[in-house]
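Everything on this sheet refers to the single structure shown next.
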Amino acid sequence: MKSDNFFEKVYWVVKQIPFGKVTTYGAIAKYLSSPKASRMVGWALNASFKNKGFTIPAHRVVNRLGILSGKKYFGNNNTMQELLENEGVNVKKDKIINFNKHFWDPNIELI
DNA sequence: ACATTGACGGAAA
DNA sequence: ATTTCCGCCAATG
């Protein structure tokens, strides 16, 4: 079953991120019991992007510094930032302001 | 089938 | 404190 795939789990978690909140690749990886597979998380998102029909809020996932590391994958170089600011998340120079305030940790919020 | 790469992150030097 | 290295797992060359 595909729902057991690493990717599927990633997609599921990302979909749980509430409006106006953000999380990190590492946090998701950790939640999936593979704390060191953070690279795979972003990679999974990239794969999901090709596959339209899978609309997941990938813009709510940033690296641990709150930097929009994957903004280039959103077509235009400022699409990701606009999406975030549209949700009340302030971004300055590709970095989220008050990152801690917007941070949503699946390890805590999800059981 | 083997090597390299990637939206990362933590440990080691 | 800063820089470098390694692991994670799947895909691509």
Side-chain angles (χ1 to χ4, degrees):
Chain A
M1 197 61 152
K2 299 220 168 188
S3 37
D4 250 15
N5 289 346
F6 192 86
F7 284 29
E8 294 289 332
K9 296 180 188 170
V10 173
Y11 301 149
W12 183 82
V13 175
V14 174
K15 284 178 186 171
Q16 312 310 309
I17 307 174
F19 183 93
K21 293 288 183 177
V22 295
T23 193
T24 68
Y25 305 99
I28 295 174
K30 184 179 178 185
Y31 180 75
L32 299 180
S33 311
S34 300
K36 295 182 181 173
S38 41
R39 312 177 92 171
M40 282 303 96
V41 176
W43 200 75
L45 294 180
N46 187 17
S48 85
F49 240 112
K50 299 179 181 178
N51 174 14
K52 294 152 191 161
F54 257 75
T55 313
I56 62 180
H59 59 280
R60 295 182 188 146
V61 186
V62 295
N63 72 4
R64 74 177 182 107
L65 302 172
I67 297 174
L68 284 52
S69 29
K71 63 166 187 173
K72 347 180 173 181
Y73 291 79
F74 282 79
N76 281 331
N77 258 8
N78 57 333
T79 304
M80 188 175 185
Q81 174 170 340
E82 288 179 2
L83 286 169
L84 286 170
E85 293 184 323
N86 198 27
E87 301 190 357
V89 180
N90 297 318
V91 177
K92 185 78 173 180
K93 289 180 188 162
D94 302 337
K95 183 161 155 260
I96 294 178
I97 307 298
N98 283 329
F99 177 56
N100 192 55
K101 175 183 166 190
H102 295 289
F103 182 58
W104 178 88
D105 189 350
N107 298 288
I108 298 175
E109 308 295 339
L110 296 177
I111 315 293

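Side-chain atoms are counted along with the backbone in the values below, which use heavy atoms only and exclude waters and symmetry mates. Residue numbering restarts at 1 for every chain, and letters A, B, ... go by the order of the sequence lines.
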Pairs under 3.5 angstrom, nitrogen or oxygen only, protein versus nucleotides 4-8 of chain C, please.
| unit_1 | atom_1 | unit_2 | atom_2 | d |
| --- | --- | --- | --- | --- |
| C:dG7 | O6 | A:Arg39 | NH1 | 2.7 |
| C:dG7 | N2 | A:Lys36 | O | 3.2 |
| C:dC8 | O4' | A:Lys36 | O | 3.4 |
| C:dC8 | O2 | A:Lys36 | O | 3.0 |

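- Note on residues 97-111 of chain A: no pairs pass salt bridge (Lys or Arg N to Asp or Glu O under 4.0 Å), not counting sequence neighbours.
- Between B:dT4 and C:dC5, the distance separating the two P atoms is 15 Å to the nearest Å.
- Protein atom CZ of A:Phe49 is 19 Å distant from nucleotide atom P of B:dG6, rounded to whole Å.
- Sorted by first then second residue, the ring-ring contact (aromatic ring centres under 6.0 Å, His included) pairs that include residues 74-102 of chain A, not counting sequence neighbours, are A:Phe49-A:Phe74, A:Phe99-A:Phe103.
- We find that CZ of A:Phe7 is positioned 7 Å from P of C:dA10, with the value rounded to whole Å.
- The CD1 atom of A:Ile56 lies 11.0 Å from the CD atom of A:Gln16; values are rounded to the nearest 0.5 Å.
- The side chain to side chain contact (heavy atoms under 4.5 Å, CB included) search around A:Glu82 returns A:Asn78, not counting sequence neighbours.
- Using a 4.0 Å heavy-atom distance criterion, A:Ala44 is classed as making no nucleic acid contact.
- With a 4.5 Å cut-off on side-chain heavy atoms, A:Leu68 and A:Leu84 count as touching.
- The interatomic distance linking A:Trp43 (CH2) with B:dG6 (P) rounds to 12 Å, in whole Å.
- When all heavy atoms are compared, the tightest approach of A:Trp104 to A:Lys21 is CB-CB, 3.7 Å.
- A salt bridge (Lys or Arg N to Asp or Glu O under 4.0 Å) check over residues 63-73 of chain A, counting only residues at least two apart or in different chains, returns the pairs A:Lys71-A:Asp94.
- Counting only distance, with no hydrogens or angles, the side chain of A:Asn63 and the backbone of A:Gly66 share a donor-acceptor pair below 3.5 Å.
- Taking the side chain to side chain contact (heavy atoms under 4.5 Å, CB included) definition, one finds that A:Asn100 meets it with nothing, sequence neighbours left out.
- Every ring pair (Phe, Tyr, Trp, His ring centres under 6.0 Å) that A:Trp43 has, sequence neighbours left out, goes to A:Phe7.
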Which atom pairs, one a donor and one an acceptor, fall under 3.5 Å between side chains of residues 24-41 of chain A and the rest of the protein, sequence neighbours left out?
| unit_1 | atom_1 | unit_2 | atom_2 | d |
| --- | --- | --- | --- | --- |
| A:Thr24 | OG1 | A:Ala27 | N | 3.0 |
| A:Tyr25 | OH | A:Val61 | O | 3.4 |

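- Rounded to whole angstrom, the span from the CG atom of A:Asn46 across to the P atom of B:dC8 amounts to 10 Å.
- Residues A:Ile97 and A:Met80 are members of separate hydrophobic clusters, defined by side-chain heavy-atom contacts under 4.5 angstrom among Ile, Leu, Val, Met, Phe, Trp and Tyr.
- The stretch residues 24-33 of chain A touches DNA chain B through A:Thr24, A:Tyr25, A:Gly26, each having a heavy atom within less than 4.0 Å of the strand.
- Residues from residues 61-69 of chain A that place a heavy atom under 4.0 Å from any atom of DNA chain B, listed by number: A:Asn63, A:Arg64, A:Ser69.
- Straight-line distance from the NZ atom of A:Lys9 to the C1' atom of C:dC9: 12 Å, rounded to whole Å.
- Residues of residues 93-111 of chain A having a heavy atom closer than 4.0 Å to DNA chain B: none are found.
- With a 4.5 Å cut-off between side-chain heavy atoms of Ile, Leu, Val, Met, Phe, Trp and Tyr, the cluster of A:Ile67 takes in A:Leu65.
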